Amino acid sequence: MSAPEAVDELDGADVAGVVVHDAVVPARAPWSFVVAAGQTLRIIDLEGNQAVDCILYNAHDTEERYSAPETIVAQGNIFLTTGTRLISTEGRVMMTITADTCGRHDTIGGACSCESNTLRYGHHTKHQHACVENFLIEHARRGMGKRDMTSNINWFMNVPVEADGALGIVDGLSAPGKYVDLRAEMDTLVVVSNCPQINNPCNAFHPTPVRMLVYGVRS
């Protein structure tokens with residue numbers, strides 16, 4: 001699938017290997033892919049200020065999956081950026097952030113759902129598509145279900161924490177063409193919901209597409 005020319009100059013910069021997978025995920029849509037150990041996934045925020053919800057699984061044993069608590073403890077920081085090791089429920093490194101042109105990513109805000117939308121924004125939002133529904137659709141394609149939901153990462157999402165511990169969801173710091181690179185340390189199933197949220201500023205109230213590039217050695 002072709003990508004917008006505006007970001008072509010970023011393709012491959014400081015990433016070894018060739019592109020083995022290239023997909024544009026439409027606004028509000030799910031996506032999944034197995035990134036083999038040693039390959040690098042680049043997530044590009046094509047239009048800026050788009051939140052990308054993401055869950056990681058061991059591709060060979062999905063009972064092992066991403067753990068936000070283990071990751072926060074390992075790095076001593078609630079925000080994710082270059083150098084962060086993404087830790088599994090078994091205490092193993094799944095992926096490492098090797099580049100980050102945005103600088104702010106969340107892993108404590110969770111994923112939106114029909115239920116949370118109703119609680120936060122009113123019953124008129126109950127029918128709206130949400131990230132949990134996207135995850136369940138993609139899980140079904142991989143033979144998984146609701147019990148496989150776990151903590152997630154919100155790429156490009158700005159969730160500051162106040163001195164009293166209150167969380168905010170505010171305008172993002174991302175911009176068109178900003179990206180984050182993730183090097184797989186094990187064969188990793190990456191499941192994404194390109195967040196459909198329209199009730200808070202995580203998407204500037206307007207979901208937009210993102211691009212997924214996987215770099216590796218072509219067999």
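If you're wondering where the values come from, they're calculated on a predicted model, not measured in any experiment.
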- Message: Once side-chain hydrogen bond (donor to acceptor under 3.5 Å, both in side chains) is applied, what residue pairs with a partner in residues 155-168 remain, sequence neighbours excluded?
- Response: R104-N158

- Message: Tell me whether L41 shares a hydrophobic cluster with L56, the cluster being built from Ile, Leu, Val, Met, Phe, Trp, Tyr side chains joined at under 4.5 Å.
- Response: yes

- Task: Sequence neighbours left out, what passes side-chain contact (heavy atoms from CB on, under 4.5 Å) with P26? Give chain and number order.
- Result: A29

- Query: With sequence neighbours excluded, what pairs up with H206 under the ring-ring contact (aromatic ring centres under 6.0 Å, His included) test?
  - Reply: none

- Message: Just to verify, what does R147 make a side-chain contact (heavy atoms from CB on, under 4.5 Å) with, not counting sequence neighbours?
- Response: none

- Message: I need the N152 CG to I55 CD1 distance, nearest 0.5 Å.
- Response: 5.5 Å

- Do E90 and N58 get their side chains close enough for a donor-acceptor pair, meaning under 3.5 Å? no

- Message: Please check: side-chain N/O of N49 versus main-chain N/O of G172, any donor-acceptor pairing under 3.5 Å?
- Response: yes

- Message: For V19 and Y215: C-alpha separation, side-chain torsions, deciding distance, then whether side-chain contact (heavy atoms from CB on, under 4.5 Å) applies.
- Response: CA-CA 4 Å; V19 175; Y215 295 88; 3.5 Å; yes

- Item | Non-hydrogen side-chain atoms of R28 and I198 separated by less than 4.5 Å | yes

- Quick one: name the residues clustered hydrophobically with F79, using the 4.5 Å side-chain heavy-atom rule over I, L, V, M, F, W, Y, and just say none if it's on its own. I72, I78, I108, M157, V159, V161, L167, I169

- Query: Regarding N134 and S193, is there a side-chain donor-to-acceptor distance under 3.5 Å anywhere?
  - Reply: yes

- Message: I'd like to know if V25 and V132 are part of one continuous hydrophobic network [Ile/Leu/Val/Met/Phe/Trp/Tyr, side-chain heavy atoms within less than 4.5 Å].
- Response: no

- State whether the side chain of Q39 and the backbone N or O of G216 hold a donor-acceptor pair below 3.5 Å, judged by distance alone. no

- Note on the structure: Heavy atoms of H105 and G103 approach each other most closely as NE2-N, 4.1 Å

- Query: Does a side-chain heavy-atom distance below 4.5 Å link T62 with R142?
  - Reply: no

- Task: Using ring-ring contact (aromatic ring centres under 6.0 Å, His included) as the criterion, list what pairs up with H129, not counting sequence neighbours.
- Result: none

- Message: Can you confirm whether S32 sits close enough to L189 that some side-chain heavy atom of one is under 4.5 Å from a side-chain heavy atom of the other?
- Response: yes

- Item | Value rounded to 0.5 Å, distance of CG in L80 from CG in L86 | 6.5 Å

- Item | Euclidean distance, F156 CZ relative to T101 OG1, rounded to 0.5 Å | 7.0 Å

- Could you tell me whether the side chain of V190 reaches within less than 4.5 Å of the side chain of C54, counting heavy atoms only? yes

- Should I137 and V24 be counted in the same cluster of Ile, Leu, Val, Met, Phe, Trp and Tyr side chains packed under 4.5 Å apart? no

- Query: Which pairs, with at least one residue in residues 126-139 and sequence neighbours excluded, count as a salt bridge (charged side-chain N to carboxylate O under 4.0 Å, His left out)?
  - Reply: E138-R141

- Query: Do I43 and L182 come within less than 4.5 Å of each other through their side chains, counting heavy atoms only?
  - Reply: yes

- Calculate, to the nearest 0.5 Å, the distance between atoms CZ and CG belonging to R211 and D45 respectively. 13.5 Å

- OG-CD distance between S113 and Q128, expressed to the nearest 0.5 angstrom: 11.5 Å

- Item | Atom of A130, atom of N117 and distance for their closest heavy-atom approach | CB-ND2, 4.0 Å

- Any pair with a residue in residues 23-76 that passes ring-ring contact (aromatic ring centres under 6.0 Å, His included), sequence neighbours left out, goes on the list, sorted by first then second residue, please. H21-W31, H21-F33, Y57-H139

- Query: Short question: side chain of N154, backbone of G110 - any donor-acceptor pair under 3.5 Å?
  - Reply: yes

- Side-chain heavy-atom pair N194, P207 within 4.5 angstrom cut-off: no

- Message: Less than 4.5 Å apart, side chain to side chain, heavy atoms only: is that true for S88 and S67?
- Response: no

- Task: Establish whether I44 and V191 are linked, either directly or via other cluster members, by ILVMFWY side-chain heavy-atom contacts under 4.5 Å.
- Result: no

- Kindly work out whether a path of hydrophobic side-chain contacts (I/L/V/M/F/W/Y, heavy atoms less than 4.5 Å apart) joins M186 to I153. yes

- Query: For the side chain to side chain contact (heavy atoms under 4.5 Å, CB included) test, which of V180, T82, T84, D181 pairs with T98?
  - Reply: D181

- Task: Return the set of residues passing side-chain hydrogen bond (donor to acceptor under 3.5 Å, both in side chains) with T188 (not counting sequence neighbours), or none when no residue passes.
- Result: none

- Set of side-chain contact (heavy atoms from CB on, under 4.5 Å) partners for I87, sequence neighbours left out: E70, T71, A74, R85, V93

- Item | Shortest non-hydrogen contact between A36 and D187, atoms and distance | CA-OD1, 3.5 Å

- Message: Do M212 and V52 make a side-chain contact, defined as non-hydrogen atoms from C-beta onward lying under 4.5 Å apart?
- Response: yes

- Output all residues satisfying side-chain contact (heavy atoms from CB on, under 4.5 Å) with T81, sequence neighbours left out; order by chain, then residue number. D100

- Message: I'd like to check the ring-ring contact (aromatic ring centres under 6.0 Å, His included) partners of F135; sequence neighbours left out, ordered by chain and number.
- Response: none

- To the nearest 0.5 Å, atom NE2 of H127 lies from atom OG1 of T118 at 10.0 Å

